[in-house]
Amino acid sequence: MSEKSNNVVIKLPRVRLSFPSLFQPTQFDEKAKAKYCATFILDKVEHAATIKEMQKAIATLLADNKVKSLSPERIALKDGDESEREEDHGKYLIKASSDKRPLVIDRDKTPITQADEKIYAGCYVNGIISIWFQNDPKHPEWGKRLNSALSGVQFVADGEPFASGSASVDDFDAFGDEDDDIGF
């Protein structure tokens, strides 16, 4: 953990990648600016030291900014046990984003492009993020928050891809051209 002014840099070793938008920015609603982003999944046992480091960074940033506490929805680090999604239980998740395209490299530090199709939801990566405190007096409606900025991602290993939502020909049954025959 290295500290700079109002943020703390964190290295995430061998974590699962989810919802990657590393090569093209994504806009989640009309009011928000399109950003590069990714969610990193940390196992509570395997990544206990990294999770503790992030929790310490959060506590330090809150103390440095004279904030006693924030509600969980205002902190980028999320406890998966509080999620409705069963697959998040036993994990912590942190979503990081950036206006600038993050560094995306392979194990040997060579650049990875989108055309390489090497980065996908479910693969294992090393990540570099910064946790930072937000309190913009020009935008009081945003309130005080602890956000996460995305700096870089390094491919580590293949993993079981998360569901892509794509159908396969094998998902369908063949059927005739009778109006009342729907196939399934």
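Keep in mind it's a predicted model, so treat the numbers as computed, not measured. These numbers come from the heavy atoms of this one structure, side chains and all, not from hydrogens, waters or symmetry mates. One-based numbering along the sequence shown.
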### Query
What pairs with Gln27 under side chain to side chain donor-acceptor pair (under 3.5 Å), at least two apart in sequence or on another chain?
none

#### Entry: Closest heavy-atom pair and its distance - Phe23, Ile112
CE2-O, 3.3 Å

### Query
What is the distance from atom CG of Leu61 to atom CZ of Arg145, rounded to the nearest 0.5 Å?
14.5 Å

### Query
Who passes side-chain contact (heavy atoms from CB on, under 4.5 Å) against Leu93, sequence neighbours left out?
Thr39, Ile41, Asp88

### Summary
side chain to side chain contact (heavy atoms under 4.5 Å, CB included) test vs Met54 passes for just one of Leu146, Val8, Ile75, Ile10, namely Ile10

### Task
Look only at the side chain of Arg107 and the backbone of Val156, and say whether a donor-acceptor pair between them is shorter than 3.5 Å.
yes

### Query
In chain order, what residues pass the salt bridge (Lys or Arg N to Asp or Glu O under 4.0 Å) check against Lys100, with sequence neighbours excluded?
none

### Query
Among all residues two or more places apart in sequence or in another chain, which pass the salt bridge (Lys or Arg N to Asp or Glu O under 4.0 Å) test with Lys95?
none

### Tyr120 side chain to Gly159 backbone, donor-acceptor under 3.5 Å
yes

### Query
Given side chains that start at C-beta, do those of Cys37 and Ser21 come closer than 4.5 Å, heavy atoms only?
yes

### Partner set under side-chain contact (heavy atoms from CB on, under 4.5 Å) for Asp79, not counting sequence neighbours
Lys44, Asp81, Glu82, Tyr92

#### Entry: Under the side chain to side chain donor-acceptor pair (under 3.5 Å) test, residues paired with Ser69 that sit two or more places apart
none

### Task
Just do the side-chain contact (heavy atoms from CB on, under 4.5 Å) check on Phe133 and Val67 with the steps written out, would you?
CA-CA 10 Å; Phe133 183 79; Val67 175; 3.7 Å; yes

### Summary
Between Phe19 and Ala121, the two heavy atoms sitting closest are N-CB, 4.2 Å

## Note on the structure
Taking every heavy atom of Pro13 against every heavy atom of Asn126, the minimum-distance pair comes out as CA-OD1, 3.5 Å

#### Entry: Hydrophobic cluster identity match, Trp132 and Ile129, side-chain contacts under 4.5 Å
no

### Query
Listed by chain and number, what are the salt bridge (Lys or Arg N to Asp or Glu O under 4.0 Å) partners of Asp158, not counting sequence neighbours?
none

### Message
When you group the ILVMFWY residues by side-chain heavy-atom contacts below 4.5 Å and let the links chain together, are Tyr36 and Ile119 in the same group?
### Response
no

#### Entry: 4.5 Å side-chain heavy-atom contact, Asn7 and Ile131
no

### Query
Side-chain heavy atoms under 4.5 angstrom apart, residues restricted to Ile, Leu, Val, Met, Phe, Trp, Tyr: same cluster for Ile94 and Leu62?
yes

### Task
Mind checking salt bridge (Lys or Arg N to Asp or Glu O under 4.0 Å) for Glu87 and listing every partner two or more places apart, or none if nothing turns up?
Arg85

### Query
Taking a hydrophobic cluster as the set of Ile, Leu, Val, Met, Phe, Trp and Tyr residues connected by side-chain heavy atoms closer than 4.5 Å, whether directly or through intermediates, do Leu150 and Leu77 fall within one such cluster?
yes

### Query
Looking only at heavy atoms, what is the nearest atom pair of Arg74 and Lys144, with distance?
CD-O, 3.2 Å

### Task
Under the side-chain contact (heavy atoms from CB on, under 4.5 Å) rule, collect the residues that match up with Leu103, sequence neighbours excluded.
Ile105

## Note on the structure
Closest non-hydrogen contact found for Phe40 with Ala96 is CE1-CB, 4.2 Å

### Message
Using the side chain to side chain donor-acceptor pair (under 3.5 Å) criterion, which residues pair with Asp43? Sequence neighbours excluded.
### Response
none

#### Entry: Aromatic Tyr124 / basic Arg14 pairing, under 6.0 angstrom, 45° off normal
yes

## Note on the structure
side chain to side chain donor-acceptor pair (under 3.5 Å) filter on Asp99, not counting sequence neighbours, yields none

#### Entry: Smallest separation among heavy atoms of Arg16 and Glu160, with atom names
NH2-O, 2.7 Å

### Query
Is the number of heavy atoms from other residues, nucleotides or ligands within 6.0 Å of CD (Glu86) greater than 12?
no

### Task
Provide the full list of salt bridge (Lys or Arg N to Asp or Glu O under 4.0 Å) pairs with a residue in residues 111-124, sequence neighbours left out, each pair given once.
Asp106-Lys118

